[in-house]
Amino acid sequence: MLALHAAWSPGRGLCLWAEDPARRAGGSTRSRARGARPHPFAADHEQLRAVAAALGTAGGEGQAVLHLPSTAGPAGATREPVPSDGSDTPAALAPWTVPVLELDADVLLRSEPLPGEGGEFAVLRALGRLAADLVARGRVLPAPHPDHDDPLGWRPVLQGRDLVAADAFAAALPPAVRAEAVDGRPVADGIGPDPAELVTEALTALVDAEARHRLRDEPAAPALLAATAQGDLDPGLARWEVVGAPHAGPARGTFRFTEIVVDDLGHAVEGEPRFWLEFSLQSAQDASLRVTAESIWRDAGSLRRWLDDPSEMLLAELGRAAAIYPELTEALRVPRPTGMELDREGAHHFLLRVAAPLDRAGFGVLLPSWWSQPARLGVTANATGGAGPEGVVALRGRLRKEELVEFSWKLAVDGDPLSDDEMRALVHAKAPLVFLRGRWVAVDAERLRAGLEFLDRAPGEGTVGDVLALHSAYHDDLPPEWAAPLPVEDVTAAGSLGALLSGAADAHLELLDDPPALEATLRPYQRRGVSWLAFLAGLRVGGLLADDMGLGKTLQVLALEAHERGGPDDGPERPTSGAELRPATSPTLLVAPTSVVGNWQREAARFTPGLRVVVHHGAGRATGDLTATLAAADLVVTSYGTLTRDVAELSRHRYHRLVLDEAQLVKNNRSRAARAVRTIDAGHRLALTGTPVENRLAELWSIMDAVNPGLLGTVTAFRDRYAVPIERHGREDVARRLQTAVRPFLLRRVKTDRTVVDDLPDKIETVERCSLTAEQASLYQVVVDEMTETLSGLETAGREGIERRGKVLAALTKLKQVCDHPALLLHDGSPLARRSGKLARVEEIVAEILAAGEKALLFTQFTEFGDALAPYLARRFGVEVLWLHGGTSRRARDRMVEAFQSDGGPPLFLLSLKAGGTGLTLTAAQHVIHLDRWWNPAVEDQATDRAFRIGQKRTVQVRKLVCGGTVEERIDDLIEGKRTLAGQVIGEGGDDPDWLTGLSTDELRRVVALDPGATDDGGDDGGDDDDDELDDDDAA
Amino acid sequence: MPPRRRPKEPFREKFPEPGPATFAEYGKRIAVEDGIAAKSRRGAIGASWWSGRFLAVLEKLGVGGRLDRGKTYARAGQVIDLAIEPGEVVATVQGSRAEPYRARIGITTFADEAWDAVENAFAADSWYAASLLGGTVPDDLEEVFGRVGLSLFPTGAREMPMDCSCPDWSVPCKHLAAVAYLVAERFDEDPFLILRWRGRDRATLLAGIRDRRDDTGPAVTPLAEVVDRFWTAGGPLPDVGGPASGNSEELLDQMPPLGVTVDGVDAREALRPLYRRLGA
C-alpha cells in the first residue's frame, strides 16, 4: 500500500505524492544530476493518478523538490530518504525530487479519507472543516479573480477565535506539509516556508472552493460579476479589508486560579498543596478568547498579528495588577513570567482578598467552582449507646424519652461529617482551605473557630428527648449548652431512634403483631403505621399520621388502642400498659368532626368490639362531672364543637391519649377548637389528616404544635424562620430543613407509593356513615309517620297489591331524599348550606380530594339534587363542576368527558346514576362518591366502574355515603350482609326492590325507623359546631 | 399688561483673573490661548513619589515665592509648549513681555553602556518593565541604576542646569518652576519620560528588552529541528465548527456600502443573497 503524502506548495497549492514500499528494494538511484536527486521510492504519476481517482478527482502532473528526513552520511556520501512509516531515526534533511499531482483544494473538503493517508492529510482535512465553518458563518469576503471563469472568489476573514484557531493550525502543521523548496526560498537553510503563511494560503484556497461550491446553484447576478471582473468593486473592497483585518480587539489581563495536581515532571503533588495562578490575556470582546502568558512568551511573533505588542500588553497588565496585589511583584522577577505559585495561605488570601478587587479593577479572574460555591460548615451529632443494658439499638417499642444516650459531635462540611484526620487537617491548616473528599473546600475561619470551640464544650451526654429536640427544634430555642454556633446539619442515632430521625421509621421499626383484639387483618403498610404509632407512644412523642385518605387511618388508631389495651381475653397486665403510659383506666379522647363521630363509633364497634366506646356528643350526652363516664370508657369520641363547649369539664381529666381526627380543622390556632385542644392533658397526642399538610406551613405548625407543643417554636418565630423564607423567597434549603425537623413525627403514605400500592387492592370501597341534622331528622320522622299511616289505612281498606307497592316506593324515595338534603323533599329550592349531615361530609371529602389535586365522580339518583349541588359545590370550592344528567345532549356529554379526562380539567364530575352509569370512561377520577344508595348494588358497581376501566393505574377510592340510623344504613347492612346472595335476594334488573315492598308493614317500619342516635348535636348548637370547625374556610 | 422687568443685578466688572496682578513684579502676564495648564488645580503638583523626587531638587533650592508663582503659572496655562527630550526639557513660557521666554532644564544622559546594563536588568526581571508599563516607577528602580553607579534622579541642581531667557536673575525663576511642575505631571502620567529625559525613549528601551529577552526569535521552527516528528501534527488541533451563529450575514452587516451600483442597488446588497445562501 502506498503511503500517501500531501505538501502545500506556495503558489501551486495541494500536491499529492506517495512512497511506494515496493520500490524500496530497488536500491538508491545513482543519478548525478545537478540539484535534488529523484526520490528512490516515490510513487510514479500513474500510481498517483489512481489515488486521485479514488479521491474523486484528477490533477496536473508535476515534480516537486521536497526536503525530507534522510539518513546521515559523511559529507558528500550518499544519503537515503528515511521512510515515513519506518522506525529509523532520521539525522538530517536532504532534498529529493518526487512526482506530484497538483490537486484542487476541493478534494480536502469533499472526499473520504483513503487508507494510507499520512498525518498531513488529517491536519489539512481539519483545516478544510474550519474553512467550511467560516463559509457557513459568512466569515468571508469577496476576492475578485478577474482572470477566472467566475471572477467572484472568496477569502476568509480571521478575527477573534478564528484567528486563534488558524494560529493553532500553524503551530500544529506537520513539517512535511511545508517541505517544498520553492524558487527564491530554498529550504537549504533548514527553515522552510512560514507555516502561518501556508495555513493562510491553504485556508484561502479552501474557503474559495467551499464558497463556490455552496453557491454553485445560485450564481451571482451578471451585473455583479461584470462589476467584479472589471475591478469596480476593488476600491470598496479595500475599505472592507480594513474591517475584516485580523484583529482580536483589546485584551485585559486575566488570572486563572488552579490547583497543581502534578508537578513539572508529571508526578502527583504530595504533601502541602500548591496552587497556580496563571497569567493570560483575554479578549475584551470575546471572553472565550484567552491566550496564556506561556504562549505569549513562546510565540509572541504570531500573536503580534492580532495584538499589538502582546508581551508588553501582558506586562503592563501585570504591572497594573501589582498595585492591587503586591505579592505579584515577586512572580514578575523573571524574564518571562507565566504565573505564580501559591501555597495554601497565599491561595486563601488571593481568593478571599484579592480576586474581587482585581475583578473590580477590570481584570479577568477565573476561579474554581468550589470557591464560587463556598462550603457550608456545620456540626453533626450522633447519639449512641444508652444507659440501659440493651442500649438504644436493642430497644424496640420501649424506648423512653428520658433514656440517656452519649453524644459525639463532629464538624461537617456541606453536610458530610469530617473524620478525625480531616478535622485535624483543617485545624492545622494555616489557611482554612482543605482538600476533602477529592475536592478543595474553603471554610470561613471565624466560623471554623466557633465550631471547634463548641465541639470542646458540647454536651457528651443527653436524653433521647434531647436528641429529638436537637434534631427538630430551631437552634435558638435550644438551651444554651445545646445551641451550636453552626447549623446542626444532621442528628443521627443508632437503631430505632435513628430510624425515627431519618424518617424511615415505618420501614425499619420492628413490626408489631396484629393485636388479637383487632377484628381485622392489617395490611402490611398499616402494620408499619401501627408500629410507628406505638413507638412514638412509647417515647411519649406526639405524631401526625397523614396517610392518604382511604388508607385506613381510623383502623390504625383503633389497632394501636387495641394493642395497648388488650382485648377482653387479655389479662389486665398487657406489657404496653406499663409504667411509661397512663394506666388503662384512663381513656383516649378522640376528637373528630361531627360528621364522622358516628363513623368512629361504628368502626370501633366493628374492628375493636372489645373497646368500651363512649360518644360524648349530641344533645343526649352526659353532663356535669364526667369522672364516672370516663372511668368506664376506653375511647371517648367527641366533636370539636362539643369539646369547645364542654372544655371546662373535659380538661379537668387526664387522658391516656388525645387523638385529633381531620386535624387540619385546627389549623387556625386562634380558633376556639384549637385553643380547647391545647388545654387537654394527655400522655400522648396524635393527629390524623388526609391532606398533605407538609406543603401548608401554617397548618403544619398548628398541627405539630397541637401534638408536640413548642417543638417548632412560637407561631411568630415559625413564620420568620420557615414560612416566609419558604413561601415568599422559595428557599429550598429552608424547606429541606423544615422537612427534616418534622420528619420523625410525621408519617405520610400516599396511594401512589410503590410500597403501599403493592399492598392495596385496585379499589377501596368504604361505607361512610353520616348523621342527620335536626331538620333532616324531623322531616324523616314525618315521612315515616305518613307512610305508616297510609299503609295502615290501605291495610284496613284491604287495598294492597300495586297501590301499596307504589306508596312504599314513594315513601322510600322520600326518605332517601331527606337523607340527601331537606330541600330535596321540600322542592323549595332553598339554600343548601348546613342543613344536611351528608352534604357536610361530602364537603369534607371533596376538600381533601381537591387538596390532593385529585378528581372525583359523584353519583346521585336525584336530578333535582344534582341541579342544586353542582352550582353549590362550584361556589363552595371555586372549581368547575361538571353535571351530567338525562337531559344533557350527546355533544355536551362528550365535551364534559373530554374536559374531565384532560390534565388540569375540572376536578369534580357530578352524574345522575341513570345518565352516567353506563358507557362512559372516566379514568381521570380516583374517587367515586355515591351520594345516595341504590337498592341494587349492581347498579352502583356499574357506575363505579366508570372510574375503573382499563387505563386506571391508581387505586380508586369508592365511598358510599349512608346516613346512620336510617333506612339507608339498614339497607346497606342487608346488602353488605347478603352480598354473596345478592343475585338471589335482590333483583338483577334495576332498582326494583321487590324484596322491600314485599315486607310487612311492621317489618317495613323496623327498616325505616329512625334511630335516636342518628342526629348530631341537634338544634341548639349544631350550627355553632360547624362554625367552629370551618371558620378558616368560611373566612377564605 | 406687560410683565415687569426684574431689577438688574448690580453691575460687576469682570476681571480676567483675580490675584496674579498683585504678585507681578514685571507687570501683568499675558494670557495664553491653548497653553499647557497643569491638571492639578490646587495644592501640590506631582502626585507620585518619583515626580516628587524630581521636584525636590527644585524645592531644595528654596526660592520660596517663585515656586508658588511658577505653580500659578503652570495652572494658568502660561506654558505654550514643552518637550521632554533626551538630555533636556525645552519649553516656551509666556510671561509679561510680548516675546515668550525660552526655558530649558538640562540633565546628563546616560551612556549606551549604562543603558545596556539597564536593559539587561530589565530583561532578566520583568517586574521593572511591567511596573513601568503599568504606569508606576517601581520603587526599586533606582537600585538598577545604582548598580551601574548612576542615579536615576538628579541629586542636586548641579546635575540639572536650568536657564530661562527672562530677566529674572534667580534660578529657578517662575517660568522654570512652571515648566518643572508640568514636567512632574508628565512624569506622573508616563514614567517612561524620566528614562527618555535620561537618554532612552520608550520604544528603544522596550525593543532593547525584547531583543535581550529573545522573544522575537524566529517565528518559524526550522524544518531541520523537527525531522523526528516530520509527518505528524505538532500540537492539538483546534475544535472547529461549534454552534453556528445562525446569521451568515453578520459580517456583511458590519460592512460599509461598496459605493458601486449594481442592478439599481449598492453592490453590497447584491451580495446579500449570496451570503444568505452560504449560511443555508
Side-chain angles (χ1 to χ4, degrees), chain A residues 67 69 84 89-90 93 118-119 123 126 129-130 133 135-139 142 157 165 168 171-176 179 187 190-192 194-195 211 214-215 218 220-221 223-224 227 232-233 236 239-240 243 297 300-302 311-312 315-316 318-320 322-323 329 332-337, chain B residues 123-127 129-136 206 210 213 215-238 240-241 244-245 247-252 254-260 262-263 267-268 270-271 273-275 277-280:
Chain A
H67 278 72
S84 63
T89 310
L93 289 178
V123 174
R129 288 194 290 277
L130 173 61
D133 188 51
V135 170
R137 286 185 284 129
R139 307 298 297 177
V157 169
L173 198 69
V187 193
I191 292 178
D194 184 342
R214 282 189 179 233
L215 296 173
E218 183 159 343
L224 181 63
D232 294 348
L233 301 185
R239 285 197 301 278
W240 284 19
V243 183
W297 294 123
S302 83
S311 58
E312 270 137 37
L315 285 180
L318 292 172
R320 205 160 68 79
T329 306
L332 301 182
R333 292 201 174 280
V334 293
R336 297 171 195 84
Chain B
D125 182 341
S126 296
W127 160 243
S131 186
L132 288 167
L133 285 162
T136 307
L206 292 176
R210 265 203 302 275
R213 208 196 283 121
D215 58 40
T216 51
V220 178
T221 312
L223 284 175
E225 288 178 16
V226 288
V227 284
D228 53 335
R229 51 171 185 86
F230 200 77
W231 310 97
T232 53
L237 296 183
V240 170
S245 72
N247 177 11
S248 60
E249 297 163 53
E250 196 180 76
L251 182 70
L252 187 68
Q254 297 168 12
M255 294 298 168
L258 280 169
V260 177
V262 173
D263 293 338
R268 181 183 64 182
L271 284 165
L274 303 182
Y275 274 85
R277 179 61 184 239
L278 290 178

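Chain naming here is simple, since letters A, B, ... match the order of the sequence lines and numbering starts at 1 in each.
For B:Ala270, the parts lying under 4.5 angstrom from a heavy atom of chain A are both the backbone and the side chain. Using a 4.5 Å cut-off between heavy atoms, B:Thr232 touches chain A through its backbone atoms (N, CA, C, O) alone. Of the two parts of A:Ala165, the backbone and the side chain both hold a non-hydrogen atom closer than 4.5 Å to a non-hydrogen atom of chain B. Residue contact with chain A, scored on non-hydrogen atoms closer than 4.5 Å, involves the backbone and the side chain of B:Leu274 alike. Using a 4.5 Å cut-off between heavy atoms, A:Val157 touches chain B through its side chain atoms alone.
In this view, B:Phe230 satisfies the ring pair (Phe, Tyr, Trp, His ring centres under 6.0 Å) rule with no residue, not counting sequence neighbours.
Counting heavy atoms from C-beta outward, A:Arg137 and B:Glu250 have side chains that stay 4.5 Å or more apart. Side-chain contact between B:Leu271 and A:Pro142: present, with at least one pair of heavy atoms (C-beta onward) separated by less than 4.5 Å. In this structure, the side chains of A:Leu233 and A:Leu224 come closer than 4.5 Å at one or more pairs of heavy atoms.
Between the side chain of B:Ser126 and the backbone N or O of A:Pro335, at least one donor-acceptor pair lies under 3.5 Å. In terms of modelled atom types and a separation under 3.5 Å, the side chain of B:Trp231 and the main chain of A:Pro174 share no donor-acceptor contact. B:Arg268 places a side-chain N or O within 3.5 Å of a backbone atom of B:Met255 that can act as its donor or acceptor partner.
For the set B:Leu278, B:Leu251, B:Val262, the count of heavy-atom pairs under 4.5 angstrom toward chain A peaks at B:Leu278. With respect to chain B, the highest number of heavy-atom pairs below 4.5 Å among A:Ala220, A:Gly236, A:Gly119, A:Ser84 belongs to A:Ser84. Counting heavy-atom pairs under 4.5 Å between each of B:Ser131, B:Ala124, B:Gly279 and chain A puts B:Ala124 at the top. Top candidate by heavy-atom pairs under 4.5 Å with chain B, chosen from A:Leu215, A:Leu173, A:Asp232, is A:Leu215. The candidate from B:Gly135, B:Ala280, B:Pro257 with the greatest count of non-hydrogen atom pairs under 4.5 Å with chain A is B:Pro257. The candidate with the highest count of non-hydrogen atom pairs below 4.5 Å against chain B, out of A:Gly138, A:Pro175, A:Ala322, A:Ala227, is A:Pro175.
When all heavy atoms of A:Trp297 and A:Ser311 are compared, the closest pair comes out as CZ3-CB, 3.5 Å.
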